[in-house]
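Both backbone and side-chain heavy atoms feed into the values below; hydrogens, waters and symmetry mates do not.
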Amino acid sequence: MDRFRMIFQYFQSNSESVTNGICALLALASVKMYSSFDFHCPCLAKYNMVYGLGIMFIPPVALFLCGLIVNRQFVVMLEEWKRPTGDRKKNLAIIRYMCSSVLQRAMIAPVVWILVTLLDGKCFVCAFSSSVDPDKFPGFVTNITPYNEVQRLLSKVPCKDDELIRNNTSRKAVSRYLKCWSQAFGWSILLTLIVIAFLARSLRPCFNQATFLQTRYWSNYIDIEQKIFDETCCEHTRDFAHKCILHFFESMQKEIKRRRFHAHPGKQEGKEGEKDHLQGISSQEQVNKLLQSWYYSKPPLDLSGATQRQPLGTEGISMPWTGSMINRWHPQPGTTITRQTDV
């Protein structure tokens with residue numbers, strides 16, 4: 001389970017190459033699943049179309065959802081869309097760019113499934129065998145006049161071993177006719193997608209590249225910012241838990257430090273010189289207020305105030321995440337955290 005979790009976290013990284021690789025794996029998996037799927041048409045006039053179209057379009061929906069799940073940018077896009085404005089304005093162009101990128105990658109596997117089913121033709125023949133005009137095949141319905149009987153016989157076309165259709169010489173003609181239509185639709189869709197991709201590639205330089213580069217830059221920034229924030233929160237949580245445990249075992253603190261010194265003789269005792277990630281925070285309420293401040297008022301993307309002089313009597317502390325500045329204070333009864341101007 002731990003190994004699976006590590007693999008899943010690796011797939012959740014920001015690398016576009018990893019995301020593209022996952023989409024390619026989903027596409028190959030869709031082809032493998034269809035080739036290993038044992039297709040059996042019910043050969044009933046009322047259920048052929050439901051079954052055939054269900055096999056053709058229901059698995060692509062599942063593959064599309066899987067493509068959204070494995071794409072980290074999907075969650076980042078939703079968070080950026082739903083977050084409060086706060087001190088940072090929303091850019092709809094960035095959200096549209098991220099949405100387009102997510103949808104393009106998530107649609108690869110479903111499109112591959114639909115193309116494979118159309119080029120194979122079994123689902124199409126099963127779904128539309130009852131919709132064929134019997135007049136196009138005069139030898140198929142010889143001596144059969146009732147409409148229900150004609151539909152029943154047409155629904156048996158996908159089942160070549162059925163007694164009603166086994167000796168019918170026109171069954172193969174009906175099946176080939178439907179397969180030709182199925183493959184024609186499949187190749188038409190594939191050609192259309194190739195033309196759209198070609199036009200998108202060739203016409204992109206005709207538009208403003210500066211705007212595209214800016215949008216792509218800030219979309220990557222939002223993704224990386226969230227990732228660094230999560231990593232910093234984990235580091236801050238570990239430090240906070242460590243201090244809480246040491247406080248709980250206050251009577252054993254000297255012994256714990258002594259053992260740590262013997263385990264790492266090259267380091268100084270206590271680690272007082274290392275960076276303190278708690279930044280003066282000493283209670284759960286303070287941590288909650290800090291996280292609430294990050295969510296409701298994200299700092300603007302402006303670092304010009306980082307070099308400004310801090311107000312007299314306060315010690316401005318740069319938090320590890322994204323340059324957010326808060327005032328360090330000494331824990332006293334009734335005091336609360338006050339946030340300095342975000343940068």
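Taking hydrophobic clusters as Ile, Leu, Val, Met, Phe, Trp and Tyr residues chained together by side-chain heavy-atom distances below 4.5 Å, Ile189 shares a cluster with Trp187. Grouping the Ile, Leu, Val, Met, Phe, Trp and Tyr side chains by contacts below 4.5 angstrom, directly or via other members, places Leu92 with Ile94. There is a path of hydrophobic side-chain contacts, each under 4.5 Å, that joins Phe185 to Ile194. Hydrophobic clustering (side-chain heavy atoms under 4.5 Å, transitive across Ile, Leu, Val, Met, Phe, Trp, Tyr) keeps Leu68 apart from Ile58. Under a hydrophobic clustering in which Ile, Leu, Val, Met, Phe, Trp and Tyr are joined whenever their side-chain heavy atoms come within less than 4.5 Å, directly or via other members, Trp81 and Phe74 fall into the same cluster.
In this structure, the side chain of Thr237 engages the main chain of Cys233 through a donor-acceptor pair within 3.5 Å. Using modelled atom types, no side-chain atom of Gln73 and backbone atom of Cys99 make a donor-acceptor pair closer than 3.5 Å. In this structure, the side chain of Asn48 engages the main chain of Ser155 through a donor-acceptor pair within 3.5 Å. Side-chain atoms of Ser293 do not come within 3.5 Å of backbone N or O of Lys289 as any donor-acceptor pair.
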Quick one: do Phe57 and Phe64 satisfy ring-ring contact (aromatic ring centres under 6.0 Å, His included)? Show the steps, please. CA-CA 11 Å; Phe57 293 108; Phe64 177 75; over 10 Å; no
Should Asn288 and Gln292 be marked as a side chain to side chain donor-acceptor pair (under 3.5 Å) after you check the CA-CA gap, both sets of side-chain angles, and the distance that decides it? CA-CA 6 Å; Asn288 291 337; Gln292 186 178 12; over 6 Å; no
Stepwise, does the salt bridge (Lys or Arg N to Asp or Glu O under 4.0 Å) test hold for Arg238 with Glu231? CA-CA 11 Å; Arg238 188 180 297 107; Glu231 294 175 353; over 6 Å; no
Would you sort out whether Ser131 and Met49 count as a side chain to side chain contact (heavy atoms under 4.5 Å, CB included), showing the intermediate values? CA-CA 9 Å; Ser131 303; Met49 181 171 290; 3.8 Å; yes
What's the verdict on side chain to side chain contact (heavy atoms under 4.5 Å, CB included) for Arg171 and Lys156, showing C-alpha distance, side-chain angles and the deciding distance? CA-CA 9 Å; Arg171 187 201 66 82; Lys156 302 293 183 180; over 6 Å; no
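Taking the charged nitrogens against the carboxylate oxygens, Glu80 and Arg83 do have a contact shorter than 4.0 Å, which makes a salt bridge. The pair Lys298-Asp87 fails the salt-bridge criterion, with no side-chain N (NZ, NE, NH1 or NH2) lying under 4.0 Å from an Asp/Glu carboxylate O.
When side chains are defined from C-beta on, Tyr217 does not count as touching Leu213, because their heavy atoms never get closer than 4.5 Å. By the 4.5 Å heavy-atom criterion applied to side chains, Ser35 and Lys32 are counted as neighbours. In this structure the side chain of Ile108 never reaches within 4.5 angstrom of the side chain of Leu26, judged on heavy atoms. Side-chain contact between Ile245 and His242 is absent, with no heavy atoms from C-beta onward closer than 4.5 Å. Side-chain contact check for Lys160 versus Lys172: every heavy-atom pair is 4.5 Å or farther apart.
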Which atom pairs, donor and acceptor, lie under 3.5 Å between side-chain atoms of residues 111-126 and protein residues at least two apart or in another chain?
| from | atom 1 | to | atom 2 | distance (Å) |
| --- | --- | --- | --- | --- |
| Trp113 | NE1 | Ile55 | O | 3.0 |
| Thr117 | OG1 | Trp113 | O | 3.2 |
| Thr117 | OG1 | Ile114 | O | 2.7 |
| Asp120 | OD2 | Tyr34 | OH | 2.7 |

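Put simply, CD on Gln183 and CG on Leu190 are 12.5 Å apart, with the number rounded to the nearest 0.5 Å. With rounding to the nearest 0.5 Å, the separation of SG in Cys43 from CG in Leu154 is 11.5 Å. Taken to the nearest 0.5 Å, the CD1 atom of Ile222 stands 8.0 Å off from the CG atom of Leu301. Annotation: the span from Ser188 atom OG to Leu193 atom CG amounts to 11.0 Å, rounded to 0.5 Å. Rounded to the nearest 0.5 angstrom, Trp218 CH2 and Ile95 CD1 are separated by 15.0 Å. Atom-to-atom distance recorded for Asp223:CG and Met98:CE is 6.0 Å, nearest 0.5 angstrom.
Taking the salt bridge (Lys or Arg N to Asp or Glu O under 4.0 Å) definition, one finds that Arg96 meets it with nothing, sequence neighbours left out.
With a 6.0 Å radius and a threshold of 12 heavy atoms from other residues, nucleotides or ligands, Lys90 has its NZ atom above the threshold. Within 6.0 Å of CD on Gln284 lie no more than 12 heavy atoms contributed by other residues, nucleotides or ligands.
Contact detail for Pro110 and Pro60: the closest heavy-atom pair is CG-O, 3.3 Å. In terms of heavy-atom proximity, Trp294 sits nearest to Glu225 at CH2-OE2, 3.8 Å. Taking both residues in full, the closest heavy atoms of Pro84 and Tyr296 are given as CG-CD2, 3.6 Å, listed atom of the first, atom of the second, then distance. Here the closest non-hydrogen pair linking Ser30 and Ala109 is OG-O, 3.9 Å.
Using cut-offs of 30° and 60° for the angle between ring planes, the Trp181 and Tyr177 rings count as perpendicular.
At least one cation-pi condition fails for Arg216 and Tyr97: the charged atom is not both under 6.0 angstrom from the six-membered ring centre and inside a 45 degree cone around its axis.
For the residue pair Ser283/Gln286, the side-chain donor-acceptor check at 3.5 Å is satisfied.
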